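Taking it in order: structure first as structure tokens, then the write-up.
Small disclaimer: the values here were computed from a predicted structure and weren't measured. Heavy atoms only: backbone and side chains are in, while hydrogens, waters and symmetry mates are out.
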Amino acid sequence: MATKLKKGMPVVKAWLVISESGQSSIEEIGKHSMMKRTGLPARDLRALDPVLSYPSSILGRERAIVVSLEHIRAIITSKEVLLINYNNPLVVQFVQDLQHRIVFGNNNVTSLHQVCVFISHMIC
């Protein structure tokens, strides 16, 4: 849920945060907080905005990967995956599969690698 209190006030959006252990929680995160948390510039966050019409893309950055593919809009860091449209019925199965793969995946492989492989399999 996005809320804008007054003109010029920051917009805070609800994000589903999936940790490297597979645990999930909902967090209200503003744009500037997200930029600081992920190291992403504002232009990369715009690609995740469902209101704006951006083409499907995967952006690799120094500290995060931005994924905008049809219904999947996420930021992947080395410690967590953040999904903006987690309540979309088309995303629910993706979230469940992702959590399962993180929890039951190979312990020798980082969760970031598991997420990237999982998303690449979804694309093909």
Side-chain angles (χ1 to χ4, degrees):
M1 168 188 279
T3 55
K4 187 160 186 170
L5 303 175
K6 292 182 182 178
K7 187 175 181 179
M9 294 296 291
V11 174
V12 176
K13 296 182 180 182
W15 292 78
L16 175 67
V17 180
I18 303 173
S19 71
E20 59 188 335
S21 65
Q23 298 297 315
S24 63
S25 62
I26 307 294
E27 293 185 29
E28 297 279 334
I29 307 171
K31 178 177 75 172
H32 293 289
S33 296
M34 184 60 73
M35 290 167 57
K36 185 175 181 179
R37 184 174 185 160
T38 62
L40 293 170
R43 71 174 179 273
D44 289 346
L45 296 179
R46 278 193 227 72
L48 300 174
D49 193 336
V51 176
L52 301 175
S53 177
Y54 274 85
S56 293
S57 61
I58 299 175
L59 307 172
R61 300 297 186 240
E62 186 176 334
R63 292 179 38 203
I65 299 171
V66 179
V67 178
S68 179
L69 300 171
E70 294 187 25
H71 305 291
I72 308 299
R73 296 178 186 270
I75 298 173
I76 305 166
T77 70
S78 61
K79 301 288 183 195
E80 60 194 1
V81 177
L82 301 110
L83 288 143
I84 188 69
N85 58 339
Y86 61 90
N87 54 0
N88 181 328
L90 299 171
V91 179
V92 172
Q93 184 63 45
F94 169 80
V95 171
Q96 292 171 348
D97 290 347
L98 177 60
Q99 288 176 308
H100 178 79
R101 287 175 184 261
I102 290 173
V103 171
F104 297 107
N106 182 350
N107 291 334
N108 296 326
V109 180
T110 65
S111 59
L112 175 61
H113 181 261
Q114 292 171 8
V115 171
C116 291
V117 168
F118 179 59
I119 289 173
S120 67
H121 285 277
M122 288 188 61
I123 296 169
C124 299

Connected hydrophobic set around Val66, excluding itself, where side chains approach under 4.5 Å: Trp15, Val17, Ile29, Met34, Met35, Leu40, Leu45, Leu48, Leu59, Ile75, Leu82, Ile84

Residue list, side-chain hydrogen bond (donor to acceptor under 3.5 Å, both in side chains) with Ser21, at least two apart or on another chain: Ser19

Side-chain heavy atoms of Ile102 within contact of Gln23, under 4.5 Å: no

Contacts of Glu62 that satisfy side-chain contact (heavy atoms from CB on, under 4.5 Å) - sequence neighbours left out: none

Contacts of Arg61 that satisfy salt bridge (charged side-chain N to carboxylate O under 4.0 Å, His left out) - sequence neighbours left out: Asp44

Closest non-hydrogen atom pair, Ser68 against Ala47: OG-O, 3.2 Å

Which residues share a ring-ring contact (aromatic ring centres under 6.0 Å, His included) with His71, sequence neighbours left out: none

Smallest separation among heavy atoms of Ile26 and Ala14, with atom names: CG2-CB, 4.1 Å

Spatial distance of atom CG (Leu16) from atom CG (Asn87) [nearest 0.5 Å]: 9.5 Å

Salt bridge flag under 4.0 Å for residues Glu27 and Arg37: yes

Reported CG-to-CZ distance for the pair Asn88 and Phe94, which is rounded to 0.5 angstrom: 12.0 Å

Pairing residues for Arg73 by the salt bridge (charged side-chain N to carboxylate O under 4.0 Å, His left out) criterion, not counting sequence neighbours: none

Gap separating the OG atom of Ser78 from the CD atom of Glu20, nearest 0.5 angstrom: 7.5 Å

Residue pair Glu70 / Ser56: nearest heavy atoms and the distance that separates them: N-OG, 3.6 Å

Sole residue of His100, Gln93, Arg101 in side-chain hydrogen bond (donor to acceptor under 3.5 Å, both in side chains) with Asp97: Gln93

Side-chain touch Gln99/Ile18, heavy atoms, less than 4.5 angstrom: yes

Distance-minimising heavy-atom pair for Thr38 and Ala64: O-CB, 3.9 Å

Minimum heavy-atom distance between Val92 and Tyr86, given as atom pair plus value: CG2-O, 4.2 Å

